[in-house]
Structures are given as structure tokens and as C-alpha cells.
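To keep things clear, I will list the structure first and then write my remarks on it.
Count residues from 1 along the sequence. Every number for a ligand or one of its atoms is a count from 1 in the order of the listing.
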Amino acid sequence: MLLAFSDEGTGPVVVLLHGFPLNRSMWDAQVRALAPAHRVIVPDLRGHGESPAPDAVYAMDLMAEDVVEMLDGLGIAEPVVVGGLSMGGYVALALALNHPDRIRGLVLADTRAAADSPEAAAKREETAQAVLKTGDLGPLIEGMVPRLFSRSTFRDRPGLVPPIKAAMEQTTPAGVAGALRGMACRPDRRDRLGEIACPVLVAVGEDDAISPPDEARAIAESLPAGRLAVIPRAGHLAPYENPDAFNPALLDFLRDVPPHA
Ligand code: MLT
């Protein structure tokens with residue numbers, strides 16, 4: 001699958017993968033911060049943004065293959081740093097486990113290593129069917145938005161909310177259903193975290209209600225080379241809600257990732 005992507009800056013390659021049901025625009029503040037010293041490649045995952053949205057189950061492994069295909073298409077064979085937020089983190093984790101030779105550093109932001117509970121998976125299927133039947137993403141968006149942001153974001157930076165709603169509104173029913181079904185069948189990765197040898201930054205908003213700090217801490221502790229960054233005044237969209245805290249943590253991490261030999 002040919003993904004739409006942006007490609008800015010020069011230097012060591014960093015690939016950033018967005019959450020559900022968003023698109024690459026959520027990483028704009030990171031692109032601005034990294035591009036002076038990195039090549040930052042930010043795709044729209046299948047079913048999102050400007051990428052195609054086939055009727056299919058978008059397994060996390062499949063989305064990871066899309067990213068590998070994008071890198072191959074760009075002629076990038078050397079190992080890169082890959083970061084993902086939430087669903088993007090599930091994809092980044094799949095990439096690191098399936099293609100360890102392509103990764104020299106990993107950033108897992110506001111994400112989980114566990115699988116869905118049977119109840120959560122069933123709820124995703126219900127939502128996928130409703131969205132496909134009605135074509136209306138309104139109930140999904142209204143249900144998600146209150147849980148995405150920290151209370152401090154709603155109070156102090158309410159202007160951050162409308163662009164996220166707008167990104168969600170641009171996602172198609174087929175894209176939403178494909179991603180929901182793919183997330184519902186993702187495997188539990190907790191017992192494989194020990195295989196990831198490269199440095200990993202695990203970042204989480206202090207108020208993340210979807211993938212809470214305790215889960216992030218457990219992921220960091222299970223990794224051979226994991227470090228945790230808890231981002232203040234942020235919920236589930238930590239890089240977007242508080243780039244002033246997230247970006248320095250990311251840049252510090254990138255400085256410490258050994259260069260490609
Ligand atoms: C996301 O932000 O990508 C979603 O919350 C992930 C999920 O629903 O598991």
C-alpha cells in the first residue's frame with residue numbers, strides 16, 4: 001500500500017506514526033522541532049488522512065508492513081528511529097518485533113503492550129458495524145474526545161481540541177472500521193518486550209486515561225533499554241498537548257540513540 005507522507009529535514013531518519021483515528025498533522029510540533037537536525041518522515045497510516053482506505057482488517061502487522069514499504073520506496077535501508085502514539089505505538093511495536101534490523105530506536109507514546117479485553121474487542125466491532133452502517137462518525141468522536149485530553153488542556157488550551165476533531169472527521173467509515181478491527185485482534189506483546197534490544201523511550205501524559213502512566217512504567221521496566229518520560233499537563237495526546245515537555249524528552253533520547261554503524 002502506498003502511503004501519503006511528509007518528509008522534512010535532513011539527518012538521521014525519524015518516522016512518526018499517528019494515533020486513531022487521526023492523521024499525520026498531530027505531529028506538526030515534533031516535525032518543527034526535529035527537522036533542523038533530522039529527516040522526519042510522517043505517514044498517514046492506511047485508512048487515515050490522505051492514504052487509501054480499503055475495506056479490510058488493518059492488522060497492526062499489516063500497517064507495519066506499509067511503513068516498511070514506504071521506507072523501501074524511499075531507498076532507506078539503514079535502521080531508523082520509529083515513534084508511534086497509541087495505535088501508532090501498536091504499529092511501531094509490531095515493526096520493532098517483525099523487523100528488528102530496520103530499527104535503531106523506538107518511541108512508544110501513550111500506548112499499550114497488552115491486547116484488548118474480549119469486552120473491548122467486542123465494543124470495537126460494534127462501533128465498526130455502526131459506523132459502516134450509518135456513515136456517521138459523530139458518536140465515536142463525541143465519545144472519544146473527552147477521554148483524549150487532560151483536564152488542563154480543556155481548561156488552559158481549548159484551542160487544541162478543534163483540530164483533532166477536524167482530523168477525526170476527515171477519516172472515512174471504511175478507515176475507522178478497518179483500524180478498529182485491526183486493533184481488536186492485535187496480540188498481547190507484553191511477553192515479547194524483552195526481545196527489543198534497541199533503546200526505547202516510553203512517554204506518557206500524566207493524565208492519560210486510555211493508556212495510563214502505570215502501564216507505561218510497566219512497559220519501560222520490561223524493556224532491556226527502556227526509559228520513561230511522564231509528560232505533565234497532558235492526557236492521551238501528550239506530544240500534541242504539551243510539546244514543550246515532550247520535545248525536549250524526545251530530543252534528549254535521540255541524542256543518546258547510538259548512530260547507525
Ligand atoms: C488511539 O489513540 O490510537 C486509540 O486510543 C488506540 C486504541 O483505541 O486502542
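By the 30° and 60° cut-offs, the orientation of the rings of Trp27 relative to Phe246 is tilted.
Using a 4.5 Å heavy-atom cutoff, the side chains of Val204 and Ile231 are not in contact.
Between Tyr90 and ligand 1, at least one pair of N/O atoms sits closer than 3.5 Å. Any N or O atom pair closer than 3.5 Å counts here, and Ile210 shares no such pair with ligand 1. Residue contacts with ligand 1: Phe20 is placed with a nitrogen or oxygen under 3.5 Å of a nitrogen or oxygen of the ligand (distance criterion only).
In Leu74, the CG atom is crowded: over 12 heavy atoms of neighbouring residues, nucleotides or ligands sit closer than 6.0 Å.
Under 4.0 angstrom from ligand 1, the non-hydrogen atoms of Arg124 all belong to its side chain. Neither the backbone nor the side chain of Arg112 has a heavy atom within less than 4.0 Å of ligand 1.
Within ligand 1, the atoms closer than 4.0 Å to a non-hydrogen atom of Met183 are 6 (C), 7 (C), 8 (O), 9 (O), numbered from 1 in the order shown. Contact atoms of ligand 1 toward Gly19: 3 (O) (distance under 4.0 Å to a heavy atom of the residue).
In this structure, the protein non-hydrogen atom closest to atom 6 (C) of ligand 1 is Ser86 OG, 3.0 Å.
In this structure, the side chain to side chain contact (heavy atoms under 4.5 Å, CB included) partners of Asp55, at least two apart in sequence or on a different chain, are Ala174.
A side chain to side chain contact (heavy atoms under 4.5 Å, CB included) with Arg112 is found for exactly one of Met87, Met183, Arg189, Glu215, namely Glu215.
Formation of a donor-acceptor pair under 3.5 Å by the Thr153 side chain with backbone atoms of Phe149 is not found in this model.
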